[in-house]
Asker: 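Sharing a structure below in structure tokens format, with a few things to ask.
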Protein chains: 4
Amino acid sequence: MTMRSESDAALTRTQRARRRDIIDAAIAVLSQAGFAAASVDRIAREAATSKGTVLYHFGSKEGVLEEVVRSLYEEGGAYMTERILAASGARERLRVYLDSNLRFIASRPEHITAVHRILENQPTDAEDDTVGPLRQLLVAGQDAGELGPFDAEVVALMIRAIMDGASFYFSTHPDLDLDRHIAEVIRIFDRATAVA
Amino acid sequence: MTMRSESDAALTRTQRARRRDIIDAAIAVLSQAGFAAASVDRIAREAATSKGTVLYHFGSKEGVLEEVVRSLYEEGGAYMTERILAASGARERLRVYLDSNLRFIASRPEHITAVHRILENQPTDAEDDTVGPLRQLLVAGQDAGELGPFDAEVVALMIRAIMDGASFYFSTHPDLDLDRHIAEVIRIFDRATAVA
Amino acid sequence: MTMRSESDAALTRTQRARRRDIIDAAIAVLSQAGFAAASVDRIAREAATSKGTVLYHFGSKEGVLEEVVRSLYEEGGAYMTERILAASGARERLRVYLDSNLRFIASRPEHITAVHRILENQPTDAEDDTVGPLRQLLVAGQDAGELGPFDAEVVALMIRAIMDGASFYFSTHPDLDLDRHIAEVIRIFDRATAVA
Amino acid sequence: MTMRSESDAALTRTQRARRRDIIDAAIAVLSQAGFAAASVDRIAREAATSKGTVLYHFGSKEGVLEEVVRSLYEEGGAYMTERILAASGARERLRVYLDSNLRFIASRPEHITAVHRILENQPTDAEDDTVGPLRQLLVAGQDAGELGPFDAEVVALMIRAIMDGASFYFSTHPDLDLDRHIAEVIRIFDRATAVA
DNA sequence: GATGAATGAGTCTTCATTCAT
DNA sequence: TATGAATGAAGACTCATTCAT
């Protein structure tokens, strides 16, 4: 074991870069070749390194996949949370939720596809958490009289389903008019949640 | 050949019944344990038979999975097509589309989850075909003046995404009030596609 | 078990024909597709029957292969032995040996290829017996002063090797001038065994 | 990288040595137990290693067998080609061909048997190439007036057949007098190809 | 007599992981 | 830090054989 202090920034930076390379490679293989093809060896070759090195950095294949998932959530949270919190009013917050979510999805379709494939192939499915905050947002809007009397659970589910479906559609339609697409989704949920 | 009564089923399974058992087992394993866990051996044990028997009847693992997919499409087509064709007018046809689709999904959530997992783990993804007919239905309604000036492609995609998401939700919420859920979805798309 | 007397010629004839069909199918598969491809199932399909039927008639796969070998030896013996015994003098007998052997090989190249493939893939190799009679023929000729002072063992081996090689050559060169080929082989061994 | 002495061989096998071990094991199993018995597992055990290691080094079973064939051709070419080219005159060249060929066969009968078994069990058989050069040698000798008016194709085939048969005979008769055997073969073909 | 169905043993191959260097 | 080598577990598939009908 080599000694390595926290302040040894040069090495740490190298290490981080190498980890980033491997995660990027994993994302590329997962999104382009599918879950079954994403072996440690294939990811290593995509990252121009060796199987041993991948496992040296992440301990196990599961470690790599967890980092692929974690980093997406981290980036997604950073991207969306402040935008949504900055919005005032439930209606505006819903608009920003849809807008920032779809823009984030469009900005990294491969990463999102990769995470989908990982989650679909894992026994643990506790995705319900992603619906909770959204439902709360809607219910708060209804309580405040800003949003109409729709079923918040159903609408939240619809929105989640549309977000999940969007990544697949975006990655297969690179020439999409994103602004128009987003505007249309917002318009429809504006109508769906209107008070009148 | 001796005549066999229906009640003799335990001893004299016909080939069709054995195939059905295996397909049911494959659906159960795929939906409950995921694609990666769905080995031929696991499916065989779930069907209370042997690996060799599964491959004897279907030739290969791929043959089993293809039959899982095929049988769902067959059943789904039979279930929905006549209902939708029977409807008059684009608005009514859209309602029937949503209703029959969601009822079919709710009637066999495991089968649908299984097919999702198979398609997600296959290289070839040409699911766009499922959006085409729906878009045509919407455009026809717009041309006839029955439906408003929304973006038919976007709405069709939203509907497809919601259908795809529904099977997961239905299978994880068995106590769901299906009628209410369906009514809400229909209400929202009624609004979204309203002329005014 | 059905009763079947020896005089029940109709059934016996059927049975013999069926066995013959299966042996012919085995020969065809072995010679055309190789030993590895010669599964019971493949042989059965080639014979337009079922795996169960093949095993019913021959007990095991080994039984089929043994019959392929046995029938060739039987036919070969019947074809060659009387011709060779009818020849007078060692030199003439050697000529007839070469001639009848090569003609027999040319008459059923597939059967001979099939037997080669079987023997090559069996642990038991006691092919030396085929050289013995030939060596005796040569030695007798030398003792009688008809043949020269060559090494009988080596010449016998050469002849056997040429016979073995001939079947492969004959089956890959159907347009061969057999008479000329045989004449040449005889001429060479006439010279090789000449007294002077 | 530490310097390693030759005597350190037990601990630090180089990849080439390990590959050689596996090829030797494959040759041993093929020649002693036959093609059907030559499973990857059996070869691995013969090489005192594991199935995984064999496939790690050669990629597939086919890769192992190809190397068994390739290495024999390489060694045979190196052994014979220079000797034959060094000979002057067709008659002398034929003698050297027979001599070097038989000596090479006698020097590694197991390897040759192994290659025979591999080629016999492969669909593609284009062994005719081995006859071509030999026939050319004979025809050149006839054109030069050194060799008599025999059928070059037939004689070439006879020689090839004898070479092929020799490996089997040599491996089953380890106490053979090789020099005498070779001398006899050469004598016979000297006579067979004599001008007079 | 004949055959469809079933099965267990054996084969090749992939792959995540461990380890020595 | 990095990696080549090695390995065992698991998977899909083939196939000879058994058995009930």
Side-chain angles (χ1 to χ4, degrees), chain A residues 1-2 4 11 14-15 18 36-44 49-65, chain B residues 1-2 4 11-15 17-19 36-44 48-64, chain C residues 1-2 4 11 14-15 18 36-44 49-65, chain D residues 1-2 4 11-15 17-19 36-44 48-64:
Chain A
M1 286 293 171
T2 27
R4 189 162 53 74
L11 272 184
T14 300
Q15 203 171 17
R18 182 52 64 108
S39 65
V40 173
D41 191 63
R42 173 85 177 260
I43 292 168
T49 183
S50 72
K51 196 158 52 160
T53 303
V54 171
L55 294 168
Y56 168 76
H57 280 288
F58 291 93
S60 70
K61 180 182 181 176
E62 203 186 356
V64 177
L65 300 186
Chain B
M1 285 291 177
T2 33
R4 282 186 279 107
L11 275 180
T12 57
R13 306 204 89 88
T14 172
Q15 190 174 19
R18 180 56 64 124
R19 283 174 62 96
S39 66
V40 174
D41 191 63
R42 175 82 177 264
I43 292 169
T49 183
S50 71
K51 197 163 44 166
T53 300
V54 172
L55 293 168
Y56 168 75
H57 280 288
F58 292 93
S60 69
K61 179 180 179 176
E62 202 186 357
V64 177
Chain C
M1 285 294 171
T2 26
R4 189 163 52 74
L11 271 183
T14 300
Q15 202 171 17
R18 183 52 64 107
S39 64
V40 174
D41 191 62
R42 175 85 177 261
I43 292 168
T49 183
S50 71
K51 195 156 53 161
T53 303
V54 171
L55 293 168
Y56 168 76
H57 280 289
F58 292 93
S60 71
K61 180 182 182 177
E62 204 186 356
V64 177
L65 300 185
Chain D
M1 284 289 177
T2 32
R4 280 185 283 105
L11 275 180
T12 56
R13 305 204 90 87
T14 172
Q15 189 174 20
R18 179 56 64 125
R19 283 174 62 96
S39 67
V40 174
D41 192 62
R42 175 82 177 265
I43 292 169
T49 184
S50 72
K51 197 161 45 166
T53 301
V54 172
L55 294 168
Y56 168 74
H57 281 287
F58 291 94
S60 68
K61 178 180 181 176
E62 202 186 357
V64 177

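Here is the naming used below: chain letters follow the sequence lines, and residue numbers restart at 1 for every chain.
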Asker: Determine: side-chain N/O of D:Tyr56 to OP1/OP2 of F:dA5, distance under 4.0 Å, yes or no.
Answerer: yes

Asker: Any luck finding a side-chain donor-acceptor pair between D:Arg18 and D:Thr49 under 3.5 Å?
Answerer: yes

Asker: List the atom of A:Ala44, the atom of A:Val54, and the distance in Å for their closest heavy-atom pair.
Answerer: CB-CG2, 3.6 Å

Asker: What is the distance from CZ of A:Phe58 to P of F:dT3, rounded to the nearest Å?
Answerer: 14 Å

Asker: With a cut-off of less than 4.0 Å, is there a side-chain N or O of C:His57 near OP1 or OP2 of E:dG1?
Answerer: no

Asker: If you take all heavy atoms of C:Lys61 and C:Leu55, which pair is closest and at what distance?
Answerer: N-CD2, 3.8 Å

Asker: What is the distance, rounded to the nearest whole Å, between atom CD1 of B:Ile43 and atom C1' of F:dC13?
Answerer: 14 Å

Asker: Establish, with yes or no, whether the OP1 or OP2 oxygen of E:dT3 is under 4.0 angstrom from a side-chain nitrogen or oxygen of C:Thr49.
Answerer: yes

Asker: Can you tell me how far apart OG (A:Ser39) and NZ (A:Lys51) are? Round to the nearest 0.5 Å.
Answerer: 8.0 Å

Asker: So which atom in B:Ile43 and which in B:Ala38 form the shortest heavy-atom distance, rounded to 0.1 Å?
Answerer: CD1-O, 4.0 Å

Asker: Looking at F:dA5, I'd like to know if its phosphate oxygens (OP1 or OP2) sit under 4.0 Å from a side-chain N or O belonging to D:Arg18.
Answerer: no

Asker: OP1 or OP2 of F:dT14 sitting under 4.0 Å from any side-chain N/O of C:Arg42?
Answerer: no

Asker: Does E:dT3 have its OP1 or OP2 closer than 4.0 Å to a side-chain nitrogen or oxygen of C:Ser50?
Answerer: yes

Asker: Base contacts versus sugar-phosphate-only contacts with protein, heavy atoms under 4.0 Å: please encode nucleotides 9-17 of chain E as B, S and - from 5' to 3'.
Answerer: ---BBBSBB

Asker: Return the value, rounded to whole Å, for the distance between atom CZ of B:Arg19 and atom P of E:dG4.
Answerer: 15 Å

Asker: Does F:dT21 have a Watson-Crick or wobble partner in any strand here, with both distances under 3.5 angstrom, and which is it?
Answerer: E:dA2

